[in-house]
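Each remark here refers to the structure printed beneath this line.
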Amino acid sequence: MASSPRSVAAGLVALTTLTLGATPADAAAGPGPGPVSGYTDPAFGADCAFHHFGEGESPPLSLIGTDPLCVEYSKRDITVSNGGALRFLLAEPARFAVAVPACRYWQLDRWSVQARPHGTELVGWDGSYWFDKSTASAGARLRHLTVAGVPATPAHAARVLRPYDPRLADAVARAALGTTVRLPAGLPCPGARP
């Protein structure tokens with residue numbers, strides 16, 4: 001099934017919005033309050049014991065307070081025709097509930113959006129997102145980007161998106177290259193436990 005540039009762009013806008021938990025304008029607004037550098041895995045990465053969750057699976061709230069909290073989500077079945085998109089959306093509140101209070105958080109995920117099961121992937125990527133409130137730092141990177149089932153460079157994805165939202169196209173290109181930023185100092189880490 002061929003996808004038009006408009007449908008691919010709409011998918012990228014929606015997924016970038018969901019991934020970043022912000023509006024497209026917010027996602028395109030740029031980095032946080034501090035210096036920006038290239039992506040690196042978090043310094044606490046060696047301390048991670050990853051919790052793995054399947055399609056539409058919610059993490060247990062008992063993970064709140066785990067430090068560091070390291071999770072991997074499979075998001076390969078974001079499909080309207082079989083309810084995969086709905087299962088994805090229903091799992092998101094619990095994912096945010098365990099992530100937001102974490103002091104040190106690292107999420108790996110595998111995204112794929114298609115119109116129907118086993119159909120052409122409209123957009124897909126592997127993501128790595130982390131924050132460390134104790135060092136006021138965070139990082140994000142998208143890898144293995146595909147558009148309409150074809151491997152794509154950040155420049156290609158930005159080119160497809162640019163006619164519809166130039167600022168979001170810039171944000172996607174930056175995210176695919178990866179960034180590490182400084183966070184505001186003093187973010188709370190209440191109740192962290194190993």
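Heads up: numbering here begins at 1 and tracks the sequence. Everything numeric here is computed off the predicted structure, so don't read it as measured data.
Between Arg104 and Asp132 there is no salt bridge, since no side-chain nitrogen of the basic residue lies less than 4.0 Å from a carboxylate oxygen of the acidic one.
A donor-acceptor contact shorter than 3.5 Å links the side chain of Lys133 to the backbone of Ala102.
Here the side chains of Arg182 and Ser137 are in contact, with some heavy-atom distance below 4.5 Å. With contacts defined as side-chain heavy-atom distances shorter than 4.5 Å, the pair Trp106/Phe50 qualifies. With contacts defined as side-chain heavy-atom distances shorter than 4.5 Å, the pair Thr146/Trp125 does not qualify. A heavy-atom distance below 4.5 Å is found between the side chains of Arg167 and Asp165. By the 4.5 Å heavy-atom criterion applied to side chains, Tyr39 and Trp130 are counted as neighbours. Looking at Val98 and Leu61, their side chains come closer than 4.5 Å, going by heavy atoms from C-beta outward. For the pair Asn82/Arg116, no side-chain contact is recorded, criterion being any heavy-atom separation below 4.5 Å from C-beta on.
Scored by the salt bridge (Lys or Arg N to Asp or Glu O under 4.0 Å) test, Arg162 finds Asp170 as partners (sequence neighbours excluded). Annotation: side chain to side chain contact (heavy atoms under 4.5 Å, CB included) contacts of Ala43 (sequence neighbours excluded): none. For the salt bridge (Lys or Arg N to Asp or Glu O under 4.0 Å) test, no residue two or more places apart in sequence or in another chain qualifies with Asp41.
Close placement of the Phe88 and Trp111 rings is indicated, their centers lying within 6.0 Å of each other.
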Which pairs of donor and acceptor atoms, one on a side chain in residues 51-59, lie under 3.5 Å apart (sequence neighbours left out)?
unit_1 : atom_1 : unit_2 : atom_2 : d
His52  : ND1    : Glu72  : OE1    : 3.0
Glu55  : OE1    : Arg76  : N      : 3.1
Glu55  : OE1    : Asp77  : N      : 2.9
Glu55  : OE2    : Ser74  : OG     : 2.6
Glu55  : OE2    : Arg76  : N      : 3.0
Glu57  : OE1    : Gly54  : N      : 2.7

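Cluster partners of Leu90 are Leu86, counting Ile, Leu, Val, Met, Phe, Trp and Tyr whose side-chain heavy atoms approach within less than 4.5 Å, directly or via other members.
Heavy atoms only, all atoms of each residue included: Val147 and Ala152 are closest at CG2-CB, 3.8 Å. Of all non-hydrogen atoms in Ala138 and Leu183, the two that sit nearest each other are CB-CD2, 3.9 Å.
Here the straight-line distance linking atom OG of Ser134 with atom CG of Asp67 works out to 7.5 Å at 0.5 Å rounding. Atom CD of residue Gln114 and atom CD1 of residue Ile78 lie 8.0 Å apart, to the nearest 0.5 angstrom. One finds the OH atom of Tyr73 at 13.5 Å from the CZ atom of Arg110 (value rounded to the nearest 0.5 Å). Annotation: the span from Leu108 atom CG to Arg143 atom CZ amounts to 9.0 Å, rounded to 0.5 Å.
Judged by distance alone, the side chains of Ser81 and Thr79 never bring a donor and an acceptor atom under 3.5 Å apart.
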Self-check item: Worked check of side chain to side chain contact (heavy atoms under 4.5 Å, CB included) between Phe131 and Val181
Solution: CA-CA 9 Å; Phe131 61 81; Val181 299; over 6 Å; no
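Applying the disulfide (SG to SG under 2.5 Å) rule to pairs touching residues 122-172 yields nothing, sequence neighbours excluded.
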